[in-house]
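For reference, the structure discussed in these notes is given below.
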Amino acid sequence: MHTHGKRHRSWIAISVMIASMFACRGQDAPMAMGATGKAPPAGSGAEAPGAPAPGSWPLPGRNAQGWRYSPLAQITADNVRNLEVAWTFSTGTARGFEGQPLVVDSTMYVVSPYPNHVFALDLTKVGGPVKWHYLPATAPASQGEACCDVVNRGASYADGKVVFNRLDDHTVALDAKTGKVVWDTKLDSIEEGATMTMAPLIADNEVLVGNSGAELGVHGWAAALDLGSGKVLWRAYSTGPDSEVKIGPDFKPYYPQYKGKDLGVSTWPPDQWKLGGGTVWGWMTYDPELDMIYYGTANPGVWNPDMRPGDNLWSAGLFARDPKTGNARWAYQFTPHDSWDYDGVNENIPVDLTIGGQQRKVVVHFDRNGFAYTIDRLTGQVLVAQPYQSLNWATGVNPQTGKPDRVPSKETHQGVNTTDICPSSTGARDQQPAAFSPRTSLFYTPSTDLCMDYKGLKASYIAGTPYVGADVRMYAGPGGWNGRGQMIAWDATTGKKVWTITERFPVWSGPVVTGSDVLFYGTMDGWFKAVNARTGQELWKFKVGSGIVGNPMTYLGPDGKQYVAVYSGIGGWAGAIALGLSADDPTAALGATGAMPDLPKYTAPGGMLYVFELP
């Protein structure tokens, strides 16, 4: 979901505006679907093609496939209880830290939320002192356009460059040794409501990026920039005519509903596609074996579904593209005519799995709509689709059409308050990413158990201002107020949970899993935890200074020791109330305050990096 803001105002200062914008109890839905996972086979413990050096972490998910797996194994289930703080680093920015550090060549790179400081920390010296610090001239007005806090989800490293996005729509490459700007490319306009919060992905000398702002009527896109120069190589929009979406002769979708001409126009009312959202603010992945990139698209604009009859292609879906040309190979829509803000931006993890006795090349995707999908990454055919969290807006996914079987009573409409919809607009999971272990063959996903009441409202478009058209009230789901989140181990070949850990608040931290089968993740109330990746047994925990909404990583220091690092800094959509929003209005922050009124009792703002080691 990405949203709103009046320009020239800070995010906290616009809390009244947010309240007007951000303004389910159910059973698990059954799903009947035939199911089925070379490169390497799952369970072998081998790394993915193109994996970086074992002790480094150069990309958001460590490898281009986004596995968030490290083969490091010094920290084990037997000794993790001895972990202690090695050192800390204060960023000076107390907002939501949703990203992860990078480590390359004995240097750690940290990107902060607005104003997007970049720090290089020297790992060869005690305490990780600063080698260089870059402070960009990020426009203050961009704060007023950003939805869900002024977050930044991190950087990518390649060819001696650290590449990150500024909130005000610039992608910047810095010299990794000096911090000097190599190039700076402006890609969109905050005056139109667009921002950039996602972490770039570098694949084969291309920098892949996308925009945010679907709640402001932004026209969503993904783009590739040349790593050496910053030149835009291609840009593909998520809505509009085929020429703009980059759909041509190479486009061969699996399902017939995607085979018409200019569906990015005809599945919308006249000209509504121009305000149609479908922004690309989540995590991108790359399969070097097939030379294919995968990414999801956000909610359609406007939230009021009665203002945009039709399937609203290509919002709330998934694109597979040729990274050199940007041309679409296939596409799939998770939630046609999205009526609940179920963005499809979550990562699509390429793996090979044995499904139904056959080895299949797949991507695995945990969607906001509550279904976990195992999809053939060559064709776009859905092989498995099962609920991983409480949902009641659909009863399953049709194995012939790939479409969800919707529940009419949970549809939303203008002027009608539809109650008890699960999951809420925050989704069964927001952007916080999953991990995959080639040792256990399991996926590990954070999740959110919230439900909502949703009322469509008439909205008018004014550039750079909220264009939402919904009043939303969220609350605890079937798990109750002490079970608003889970960390889940998932078998993507069968669509079943292997184990679940329940948390008081939504789990807004992505995990990292290691070569010793230890899984690390954080909680919104500030606990950093290690669990057994095979059983879910808690092995260790440590209380940090602020809630964790970022993603841990692990690396090998110059001293040959394994370290684990994580950001502490509450914020983001679900954490907005801890940044100063009032709990008096349960519809504030698009309903998130109603679901999290007790969070300020457990955490306060922060902006600290913690690094842990064995003694």
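Source: prediction; values computed, not measured.
The closest side-chain donor-acceptor pair between Asn532 and Gln537, if any, does not fall under 3.5 angstrom. There is a side-chain donor-acceptor pair under 3.5 Å between Lys131 and Thr107.
The ring of Phe542 has its center closer than 6.0 angstrom to the ring center of Phe612. Aromatic pair Tyr294/Tyr286: centroids not less than 6.0 angstrom apart. Aromatic pair Phe436/Tyr69: centroids not less than 6.0 angstrom apart.
Atom OG of residue Ser546 and atom OH of residue Tyr602 lie 15.5 Å apart, to the nearest 0.5 angstrom. How far CD of Gln65 is from CD of Glu347: 13.5 Å, rounded to the nearest 0.5 Å.
Between Lys561 and Asp559, none of the side-chain N atoms (NZ, or NE/NH1/NH2) sits under 4.0 Å from a carboxylate O, so this pair counts as no salt bridge. Using a cutoff of 4.0 Å between basic side-chain nitrogens and carboxylate oxygens, Arg95 and Asp149 are scored as salt-bridged.
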Worked verdict on Thr124 versus Asp122 for side chain to side chain donor-acceptor pair (under 3.5 Å): CA-CA 6 Å; Thr124 68; Asp122 189 347; 2.6 Å; yes
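Lys161 pairs in a side chain to side chain contact (heavy atoms under 4.5 Å, CB included) with only one of the listed residues (Val182, Val172, Asp175), which is Val182. Tyr563 pairs in a ring-ring contact (aromatic ring centres under 6.0 Å, His included) with only one of the listed residues (Tyr555, Phe520, Trp87, Tyr610), which is Tyr555. The side chain to side chain contact (heavy atoms under 4.5 Å, CB included) with Thr554 is formed by just one residue from the set Gln74, Gln562, Arg62, Arg68; it is Gln562.
Listed here is the closest heavy atom pair of Ala137 and Asp168: O-OD2, 3.9 Å.
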